[in-house]
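In what follows, every heavy atom counts, from backbone to side chain, and hydrogens, waters and symmetry copies are set aside. Since the model is a prediction, treat every value here as computed from it, not as a measurement.
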Amino acid sequence: THLRREPFVIQHDGKIEFLWTSPREVSLATLTLEEPDTGRRRLRLNGQTLFVGRFEMEHNDLCWSLDGTHAGARIVTIDEDGERFEVIVTDGEHHVVTDGTVCDFLLDYNGRLLAYILDNGETMRPYIRGIEHDEIPFVWNLRQDGKTVVYNSIVGGRVIRVAHDLTER
């Protein structure tokens with residue numbers, strides 16, 4: 001098995017708001033509120049900072065890579081003027097979302113953004129490895145199945161499973 005044998009050590013300054021353990025308990029992510037007056041938070045993975053600043057996120061906004069060694073989060077940042085921006089944060093990149101709301105996302109084994117579903121309020125659009133795909137009325141159950149990204153959709157009144165082969169470019 002891949003279960004972690006040694007205990008996790010939690011570093012934090014401030015109030016722990018959320019704590020997540022990865023599948024097979026190989027990694028630990030924490031969200032702490034460091035400055036309640038300003039809303040400054042810190043998101044950590046195994047003690048390393050993924051993001052620090054004024055932002056908000058919910059418990060279900062964290063996503064693990066399949067092996068549980070990487071994490072990503074959908075956060076809403078708030079700038080000095082109070083303007084809000086949705087960002088997908090991983091341990092290697094920050095992807096600012098401008099055309100809607102991310103309803104689901106996946107990471108690859110290296111912790112990079114593999115796929116996400118963007119909802120513009122009327123339709124949904126999958127993005128896989130940065131490639132924009134056709135708008136669809138509704139998408140759910142985004143998953144990686146081996147070398148394929150799959151999701152469910154409704155087309156012509158029927159529920160279908162859509163698969164995108166990751167080995168093709």
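- The shortest heavy-atom contact between Ile136 and Ser153 is CG2-OG, 2.6 Å.
- How far OG1 of Thr49 is from CG of Asp91: 12.0 Å, rounded to the nearest 0.5 Å.
- A continuous path of ILVMFWY side-chain contacts below 4.5 Å connects Val162 to Val139, so both sit in one hydrophobic cluster.
- Side-chain contact between Ile154 and Pro137 is absent, with no heavy-atom pair separated by less than 4.5 Å.
- One side chain, Ser27 or Asn46, offers a donor N or O that lies under 3.5 Å from an acceptor on the other.
- Between Leu45 and Ala71, the closest heavy-atom pair is CD2-N, 3.6 Å.
- Atom CZ of Arg24 is separated from atom CG of Leu66 by 8.5 Å, given to the nearest 0.5 angstrom.
- Partners of Trp140 according to the ring-ring contact (aromatic ring centres under 6.0 Å, His included) rule, which considers only residues two or more places apart in sequence or in another chain, are Phe138.
- With Asn120 contributing its side chain and Thr123 its backbone, the two residues share a donor-acceptor pair below 3.5 Å.
- A continuous path of hydrophobic side-chain contacts links Leu43 to Val96 [ILVMFWY only; heavy atoms under 4.5 Å].
- Of the possible donor and acceptor atoms, none in the side chain of Arg42 sits under 3.5 Å from a partner among the backbone N and O of Leu31.
- Residues Phe85 and Val97 do not share a hydrophobic cluster, clusters being chains of Ile/Leu/Val/Met/Phe/Trp/Tyr side chains in contact below 4.5 Å.
- No donor-acceptor pair closer than 3.5 Å links the side chain of Asp81 to the backbone N or O of Glu83.
- In this structure, Asp165 contributes its side chain and Thr167 its backbone to a donor-acceptor pair below 3.5 Å.
- Among residues two or more places apart in sequence or in another chain, the ring-ring contact (aromatic ring centres under 6.0 Å, His included) test is passed with Tyr116 by His95, Tyr127.
- With hydrogens and angles ignored, the 3.5 Å screen pairs no side-chain donor or acceptor of Arg41 with any backbone N or O of Glu34.
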ask   = After noting the C-alpha distance and the side-chain angles of Leu106 and Val149, does the key distance pass the side-chain contact (heavy atoms from CB on, under 4.5 Å) rule?
value = CA-CA 9 Å; Leu106 298 174; Val149 170; 4.2 Å; yes
inquiry  = Working note: Leu50 + Thr90, criterion side-chain contact (heavy atoms from CB on, under 4.5 Å); need CA distance, chi angles, decisive distance, verdict.
reply    = CA-CA 7 Å; Leu50 290 179; Thr90 69; over 6 Å; no
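- Contact of the Glu35 side chain with the Asp37 side chain is not registered, since no non-hydrogen atoms from C-beta on lie closer than 4.5 Å.
- With rounding to the nearest 0.5 angstrom, the CD1 atom of Ile75 is 7.0 Å from the NE2 atom of His94.
- Taken from CD in Glu80 to CZ in Arg54, the straight-line distance is 8.0 Å, to the nearest 0.5 Å.
- Using a distance-only test at 3.5 Å, with no hydrogens or angles considered, a donor-acceptor pair links the side chain of Glu86 to the main chain of Val102.
- Phe55 meets the ring-ring contact (aromatic ring centres under 6.0 Å, His included) test with Phe51; sequence neighbours excluded.
- Between Tyr151 and the options His164, His133, Arg161, a side chain to side chain donor-acceptor pair (under 3.5 Å) holds for only His164.
- Leu107 CG to Trp64 CH2: the interatomic distance, rounded to the nearest 0.5 Å, is 10.0 Å.
- There is no path of hydrophobic side-chain contacts, each under 4.5 Å, that joins Ile78 to Met57.
- Judged by distance alone, with hydrogens and angles left aside, the side-chain atoms of Ser22 form a donor-acceptor pair with the main-chain N or O of Gly68 at under 3.5 Å.
- Annotation for His70 and Tyr109: closest pair CD2-O, 3.1 Å, computed over non-hydrogen atoms.
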request  = Using the side-chain contact (heavy atoms from CB on, under 4.5 Å) rule, take Glu135 and Arg125 through it: C-alpha gap first, then chi angles, then the decisive distance, then the call.
outcome  = CA-CA 5 Å; Glu135 287 185 333; Arg125 183 182 299 272; 2.8 Å; yes
request  = Applying side-chain contact (heavy atoms from CB on, under 4.5 Å), run through Leu166 and Leu114 and close with a yes or a no.
outcome  = CA-CA 10 Å; Leu166 295 172; Leu114 175 63; 3.9 Å; yes
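- Of the residues Thr101, Ile117, Asp104, the one that meets the side-chain contact (heavy atoms from CB on, under 4.5 Å) test with Met124 is Ile117.
- At a threshold of 4.5 Å between side-chain heavy atoms, the hydrophobic network of Ile, Leu, Val, Met, Phe, Trp and Tyr places Leu142 and Ile128 in one connected group.
- Rounding to the nearest 0.5 Å gives a distance of 7.5 Å between CG of Asp108 and CD of Gln144.
- Taking the side chain as every heavy atom from C-beta outward, Asp67 and Val26 never approach each other to under 4.5 Å.
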